[in-house]
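The structure appears below as structure tokens.
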Amino acid sequence: MSDGDDGQDLGITESKEYSTGEWYAEVVQKAGLANYGPEGMSGFIVTRPRGYALWEAIQDELDGAFKATGVQNAYFPLLIPESYLEKEKDVVEGFDPEVAWVTQGGYEELEERLAVRPTSESIIAPYMAQWVRSHRDLPLRVNQWCSVVRWEATDTKPFFRTKEFLWQEGHTAHESHDEAWNETMTRLDQYEDLYRDTLAIPVLRGQKPEHDKFPGAHTTTTVEALMPDGKSVQGATSHHLGQSFAEAFDLTFADEDEEERVAHTTSWGLSWRALGALIMTHSDDQGLVLPPTVAPEQVVVVPIWQEETRDDVLQYATGVAADLEDAGVRVELDDRDERNPGFKFNEHELKGVPVRFEIGPHEVEDGEVTVVHRPDGEESTVSREGIADAAQEHMDEVYAKLYAAAEENLGDGVRDADSREEILGTIGQHGGYVRAPWCGEEDCETEIKEQIAAEIVLVPFEDDVDKRVHEGEDCAVCGETAEETAYFAKSY
């Protein structure tokens, strides 16, 4: 990418194919999404306005979907007493290595350690127990948008791996197991819809193996997205918690016969890891690529003039931009005098603007606009008349291109294996998902993980017949009778 006219290097110097990690970090920083945190605070990032705008786009979409299905937003304390965590032993055992603790307030030593929120089941369930008395109070659905802290010792990868991250976590209580299961699947459906319809990313859906479910949960369900480098991203999870949390925190209700019963609960969450998946999936060696659904600027209008045509071109471009804005299109008119058109093209490509309108004296004369798509550079002309409708059509085309490319990547990325050697060889050579018969024992996953750092990312649901093709065969790792179909992959 050219550096334009001021010598500033706007280009991406790393290769997505050959140095993915370095490329990703460069895109995040040069596209103005985030910076690394202060020195001495490894694992933290500063989210810049452009990056936060992407999170807000996701937030708006999900928040509306949640509220349409009876969810209300709330907020719970950041700090959780240790005694609350200990009421659900599985949660303590599951998160204790990653919990950050507050032991002092001001100059005073605290009587009880306070955990910096690693997740909120243990602080939300006690209050849900206070709010529920009767079956008439159910179902109860609350959600909070917040940050959590998990003190993992890992290299910082913005939006993928950070000690503090933004997310939403929903929590519900129900009368029966089946109602809680329907809730669990409703939220999984909404996450799948978000990836497909807003982020232009197809996903696989299923449940986590028994040994990898959320601590204390009955069942953990997941959507998984395949990245172009062959690794999987856990896109979101929805947990059927059964009655363990309700029993621990006395979340009970009087049924229609005035009999006291224990509620069935769920929790479900999506973090800004979705932003990492978005960036990794669509972006390229020229920079960030965004679908129009989330792009802060959906269309950029770039006027191109010589001194003698300046006024006519600017007037025409300003009118085009105004029409788009009136139609609800997020548009930027880049009429900067101090930047030449080449610099502007490169800068907006780097920032991922999906559609570029170029307007010069020829477009003015002919009553047209030149349209360029990001990322493939496809160029065409459209009539000035009906420009808002044309802009929407081109945004739809860009979205379709991005989704098609991601769908092809996923389709090509699922392969079958019948032996340990095939699992190892396929993941080692191609990456992606390897679908294999599995006996259900964690030891078989451990053997693969130790040799190639791949794990079982999901087991298909029982009604996904086309994905569950291995029952009754021999486990690909140990040779015992297979009980499940496992999808092995390396993960972010």
Side-chain angles (χ1 to χ4, degrees), residues 1-4 9-17 23-24 26-33 50-51 53-54 57-58 197-201 227-228 275-304 317 320-321 324-325 329-336 339-360 363 368-382 387-409:
M1 185 187 298
S2 168
D3 63 6
D9 180 16
L10 290 178
I12 301 299
T13 61
E14 299 291 347
S15 165
K16 182 177 183 178
E17 181 177 1
W23 163 85
Y24 176 84
E26 195 176 5
V27 169
V28 166
Q29 293 178 88
K30 287 190 173 182
L33 304 181
R50 190 172 182 79
L54 297 179
I58 289 175
D197 299 334
T198 304
L199 304 182
I201 301 174
M227 299 296 99
L275 296 183
L278 174 73
I279 299 161
M280 181 71 75
T281 297
H282 300 308
S283 302
D284 59 24
D285 288 351
Q286 280 67 54
L288 184 65
V289 176
L290 296 173
T293 41
V294 298
E297 308 90 8
Q298 295 171 312
V299 177
V300 60
V301 179
V302 181
I304 306 167
V320 168
L324 295 181
E325 186 173 7
V329 176
R330 296 189 294 275
V331 59
E332 177 184 345
L333 173 62
D334 190 349
D335 58 356
R336 292 175 292 175
R339 299 297 189 197
N340 65 36
F343 181 95
K344 294 176 183 179
F345 296 165
N346 291 335
E347 184 177 54
H348 294 299
E349 285 183 0
L350 174 66
K351 291 183 176 180
V353 181
V355 176
R356 184 170 75 241
F357 281 4
E358 299 176 6
I359 296 172
E363 282 80 9
E368 295 179 337
V369 171
T370 296
V371 183
V372 182
H373 290 179
R374 178 83 173 96
D376 60 5
E378 181 181 344
E379 184 175 313
S380 60
T381 58
V382 297
I387 193 64
D389 290 339
Q392 187 59 59
E393 290 173 5
H394 281 273
M395 287 191 289
D396 291 344
E397 287 180 24
V398 169
Y399 193 95
K401 289 178 184 179
L402 296 178
Y403 188 86
E407 189 173 41
E408 182 179 6
N409 180 61

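The one candidate from Leu324, Val302, Leu333 that meets the side-chain contact (heavy atoms from CB on, under 4.5 Å) condition with Phe357 is Leu324.
The side chain to side chain donor-acceptor pair (under 3.5 Å) test applied to Asp334 returns Arg336, His348, not counting sequence neighbours. In this view, Glu363 and Thr370 satisfy the side chain to side chain donor-acceptor pair (under 3.5 Å) rule, not counting sequence neighbours. Not a single salt bridge (charged side-chain N to carboxylate O under 4.0 Å, His left out) links Glu368 to another residue, sequence neighbours left out. Every residue two or more places apart in sequence or in another chain was checked for a salt bridge (charged side-chain N to carboxylate O under 4.0 Å, His left out) with Asp197, and none qualifies. Annotation: ring-ring contact (aromatic ring centres under 6.0 Å, His included) contacts of Phe345 (sequence neighbours excluded): none. Contacts of Glu407 classified as side-chain contact (heavy atoms from CB on, under 4.5 Å), with partners at least two apart in sequence or in another chain: Pro202, Tyr403. Considering only residues two or more places apart in sequence or on other chains, Glu17 meets the side-chain contact (heavy atoms from CB on, under 4.5 Å) condition with Ser15. Taking Lys16 as the reference, nothing meets the salt bridge (charged side-chain N to carboxylate O under 4.0 Å, His left out) condition, with sequence neighbours excluded. Asp284 meets the side-chain contact (heavy atoms from CB on, under 4.5 Å) test with Gln286, Val289, Arg374, Pro375; sequence neighbours excluded. A search for side chain to side chain donor-acceptor pair (under 3.5 Å) contacts involving His373 returns His394, Lys401, not counting sequence neighbours.
Asn340 contributes atom CG, which lies 10.5 Å from atom CD1 of Ile304 (distance to the nearest 0.5 angstrom). Rounded to the nearest 0.5 angstrom, Ile58 CD1 and Leu278 CG are separated by 6.5 Å.
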Please list every donor-acceptor pair under 3.5 Å in which a side-chain atom of residues 291-300 meets a protein atom from a residue at least two apart or in another chain.
unit_1	atom_1	unit_2	atom_2	d
Thr293	OG1	Thr198	O	2.4
Glu297	OE1	Arg50	NH1	2.9
Glu297	OE1	Arg50	NH2	2.9
Glu297	OE2	Arg50	NH1	2.9
Gln298	OE1	Arg330	N	2.9
Gln298	NE2	Pro292	O	3.0

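Side-chain contact check for Met395 versus Val329: some heavy-atom pair is nearer than 4.5 Å. Here the side chains of Met227 and Thr281 are in contact, with some heavy-atom distance below 4.5 Å. Looking at Arg356 and Lys344, their side chains never come closer than 4.5 Å, going by heavy atoms from C-beta outward. Looking at heavy atoms from C-beta onward, Leu54 lies in side-chain contact with Leu290 at the 4.5 angstrom threshold.
Between the Glu26 side chain and the Thr13 main chain, a donor and an acceptor come within less than 3.5 Å of each other. Proximity of a side-chain donor or acceptor of His282 to a complementary backbone N or O of Ala405 within less than 3.5 Å is not detected.
Residues in residues 391-400 take part in no salt bridge (Lys or Arg N to Asp or Glu O under 4.0 Å) pair, two or more places apart or across chains.
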